[in-house]
Every structure is written in C-alpha cells, then in structure tokens.
There are 2 protein chains.
Amino acid sequence: MQLSNSSQYAIRILAYMADQKDSRLMNATELAETLSIPYKFLTKIMTELVKAGLVVSIRGREGGYKFKKKTSEIMVSDILDIFNDSVKDEQCVLGIGFCNGMCKCALHDQWMEPKHLLQKMFRESSLEDIAGEGCKI
Amino acid sequence: MQLSNSSQYAIRILAYMADQKDSRLMNATELAETLSIPYKFLTKIMTELVKAGLVVSIRGREGGYKFKKKTSEIMVSDILDIFNDSVKDEQCVLGIGFCNGMCKCALHDQWMEPKHLLQKMFRESSLEDIAGEGCKI
DNA sequence: TACAATTACTACTTAAAGGTAGAATTAAAA
DNA sequence: TTTTAATTCTACCTTTAAGTAGTAATTGTA
C-alpha cells in the first residue's frame with residue numbers, strides 16, 4: 001500500500017523546485033545529485049512532467065526545467081495522475097470496479113473515511129502549500 | 001495507491017470462507033470458481049496462507065482448507081503482512097524510512113491522519129467482523 | 001563556426017508481480 | 001489395492017515497474 005517510486009520521486013523533485021525562491025532554471029544533474037535520484041531515471045520522469053504540462057524544459061546550454069504553471073495551481077493529485085497512482089472515487093480496497101450499487105465489498109464502509117482523507121490530502125495540497133515544509137533531500 | 005492483487009484476492013477468499021456458517025472444508029476449485037480467481041494463482045495464495053498459519057489444508061480426496069485460528073482472531077492486517085502490503089508505522093508517503101526525527105517529508109503532517117485511519121481499518125477489522133458484510137463474489 | 005552543456009529519444013536490462021503448467025504427494029472411497 | 005480428488009512443489013512464462021546506456025537534437029557562449 002504505497003505510491004510508486006516514480007510518483008514519490010516526482011513529488012520530491014517538484015517540491016524541491018517549489019522551494020527555490022526565484023523561479024530559476026534547474027538542471028537534471030543538480031536535481032539528481034541533490035535529491036539522490038538516479039540521473040537517467042530522473043530525466044525520464046522530467047520528460048513525463050514536461051509532456052503532462054507541469055513544467056517546461058529549455059534545451060541546450062544553460063537549459064533546465066522550470067514550472068509551466070503557478071505552484072499554487074499544481075496539486076499533488078495532478079502529479080499522481082501522471083503515473084496512474086491517484087485514489088479514484090470508484091476505487092475500493094478490494095479492487096477498482098469491484099464495488100458498485102449492487103455489490104459492496106466487505107471493507108467498503110470502513111474504506112470510505114480513509115479514502116476521502118487520502119483524496120483530500122492529495123487534491124488539496126498544492127506545491128505552494130508544501131514548499132518550505134519539511135526537508136526535501 | 002492500492003493493495004497488491006494477492007492481498008485483494010486473499011482478503012476476498014478468507015472473507016468468503018468466514019461467511020460459511022459451519023467451518024466446513026472448502027476446496028480450491030470451488031473457491032476459484034465462486035470468486036473468479038485463476039485456479040492456479042489461488043492455490044499459490046492458499047499455500048502461503050497455510051504457511052503463515054491462518055488456515056490449515058487437508059490433502060487428498062475430500063480435502064480442502066479451513067481456518068486454523070478463530071475468525072475473530074484474524075485481522076485484515078495479518079493478511080496484508082503476508083504479502084508485505086500493510087501500512088507500517090514508519091512508512092511515509094514519500095517512502096519508507098525517508099522521514100525521521102531530523103527530516104520530515106513535505107507531506108508528513110498531512111499523511112498522519114489518513115495513515116492512522118488506514119492502520120485502524122486494517123488492524124481492527126477481523127474476519128468475523130466482515131463476515132456477512134457486503135458481497136464477496 | 002566550433003564547442004560544451006543541456007534535454008529528448010530509442011532501446012535495452014533487471015527485478016518484481018502476476019499468472020500458468022505439469023508432475024508429485026496425499027488420503028478417502030470404491 | 002486401485003482409483004480419484006484433492007493439495008503441494010518446482011519450474012516456467014508474461015507483464016509491468018524500475019533503472020541504464022547511448023545517441024540525437026538543441027542552444028548559449030567563446
């Protein structure tokens with residue numbers, strides 16, 4: 001019961017970027033070293049974040065990554081969506097699509113409250129909110 | 001963010017077994033067909049449940065599986081433990097072992113409440129509790 | 001223009017989860 | 001004692017996640 005490595009890395013990367021005061025360009029080498037994430041895996045993740053429209057990349061010398069949207073407009077759930085890792089409304093403990101109107105799984109009722117809290121945490125935490133919170137490295 | 005297939009199957013199997021009034025022997029063919037779980041995969045899971053001491057198996061003709069412990073003494077978390085899928089105290093959203101006294105991750109505080117609810121759900125739901133609840137097939 | 005520093009792309013490898021096949025073992029029943 | 005219905009074991013196959021390698025494309029700077 002946990003997030004994929006990709007999701008965890010992506011949140012850590014973006015939260016670290018959000019920590020930086022000016023919206024300066026940050027390059028993959030610096031991010032990989034600072035956050036102890038394998039360089040090649042990090043660039044793969046960054047490319048997905050670019051495709052998803054969360055960050056933009058500047059190629060070539062002096063290039064790097066910066067946010068495309070305001071950090072207040074990027075929710076943790078947006079990041080999880082990219083890696084198919086968010087908590088869906090129709091998702092139950094015993095499988096997505098298993099529970100429905102007719103048939104509720106044995107843990108259906110117990111699951112409601114933690115599910116809603118998880119969704120709340122992911123959907124209502126923006127990168128701006130968590131910038132400055134905790135340590136990122 | 002979801003349980004492994006093995007954990008989901010195992011919970012469904014044991015919850016279904018707990019539904020049966022007398023503690024009659026249930027065989028793999030019946031369980032697999034009733035619960036729509038691949039037969040060979042189900043037997044693999046059952047063998048793990050036997051090794052973990054949750055159920056006993058009777059081999060040979062007229063054999064099958066039955067509970068070793070009382071259903072009131074088997075918690076959902078016991079099942080998740082077998083498949084390394086339970087929510088550990090030290091587990092945070094951004095990785096097991098990442099957060100500690102010195103360094104709390106950016107989502108550490110937000111994670112506390114959903115984590116405790118998840119743990120509560122898994123640790124305080126016994127098979128007896130969920131027997132009869134919801135539909136299992 | 002040449003160079004160096006950067007991201008992007010394609011393809012591969014490794015590890016783990018999920019699932020399958022077949023034969024061995026067991027034990028009740030005929 | 002033979003047959004039959006059951007679990008168990010070993011080994012394999014498939015899919016997905018995780019991670020790596022090499023090269024192409026891009027672009028600022030000297």
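The shown structure was predicted, so the numbers you read here are calculated from the model rather than taken from an experiment. Each chain gets a letter, A, B and so on, in the order its sequence line appears, and its residues count up from 1.
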| message | Working note: A:C135 + B:C103, criterion disulfide (SG to SG under 2.5 Å); need CA distance, chi angles, decisive distance, verdict. | response | CA-CA 6 Å; A:C135 63; B:C103 172; 1.8 Å; yes
| task | Report the C-alpha separation of A:D85 and B:Q2 in whole Å, then their side-chain angles, then the decisive distance to 0.1 Å, and conclude whether the side chain to side chain donor-acceptor pair (under 3.5 Å) test is met. | result | CA-CA 8 Å; A:D85 230 353; B:Q2 58 181 340; over 6 Å; no
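For B:I58 and D:dA5, the CD1 to P distance is 19 Å, given to the nearest whole Å. Taking atom OH on B:Y65 and atom C1' on D:dA5, their separation rounds to 13 Å, with Å as the unit. To the nearest angstrom, C1' of C:dG19 lies 17 Å from CG of B:L35. Between the CG atom of B:L25 and the P atom of C:dT26 there is a distance of 18 Å, rounded to whole Å. Rounded to whole angstrom, the span from the CD atom of B:E48 across to the P atom of D:dT7 amounts to 16 Å. What separates CD of A:E62 from C1' of C:dC3 is a distance of 14 Å, to the nearest Å. Rounded to whole angstrom, the span from the CG atom of B:L49 across to the P atom of D:dT7 amounts to 13 Å. Here C:dT7 presents its P atom at 17 Å from CZ of A:F41, a figure rounded to the nearest Å.
Judged purely by atom type and a 3.5 angstrom limit, B:Q20 uses its side chain to pair as donor or acceptor with the backbone of B:Y16. Panel note: side chain A:W111, backbone A:Q91; a donor-acceptor pair is recorded below 3.5 Å.
OP1 or OP2 of C:dG18 lies within a sub-4.0 Å distance of a side-chain N or O belonging to B:S6. Between A:T47 and C:dA8 there is a side-chain N or O to OP1 or OP2 distance below 4.0 Å. Of the side-chain N and O atoms in A:N5, one or more sit less than 4.0 angstrom from OP1 or OP2 of D:dG19.
Closest to the side chain of B:P38, from the set C:dT20, D:dA6, D:dT8, is C:dT20. When distances run from any side-chain atom of B:R61 to the nucleotides D:dG19, D:dT4, D:dG28, the shortest one goes to D:dT4.
Residue-to-nucleotide contacts include a donor-acceptor pair under 3.5 Å from the side chain of A:R59 to the base of D:dA25. Side-chain atoms of B:K40 and base atoms of C:dG18 include no donor and acceptor less than 3.5 Å apart. In the interface, the side chain of B:K44 is paired with the base of C:dG19 through a donor and an acceptor atom under 3.5 Å apart.
For the side chain to side chain contact (heavy atoms under 4.5 Å, CB included) criterion with A:V76, the lone passing option out of A:S7, A:S86, A:S125 is A:S125.
Residue contacts for A:T29: at a heavy-atom cut-off of 4.0 Å it reaches no nucleic acid atom on any strand shown. Nucleic acid contact class of B:S4 (heavy atoms, under 4.0 Å, all strands): sugar-phosphate only. Across all strands shown, A:Y39 has heavy atoms under 4.0 Å from base atoms, whether or not it also approaches the sugar-phosphate. Among the heavy atoms of the strands lying under 4.0 Å from B:Y9 are primed sugar atoms or P, OP1, OP2 only; no base atom is included.
Side chain to side chain, A:D89 and A:Q119 meet the donor-acceptor criterion of an N or O pair below 3.5 Å.
When each of A:G60 and A:F83 is assigned the nucleotide of DNA chain D with its nearest heavy atom, A:F83 is the one assigned upstream, toward the 5' end.
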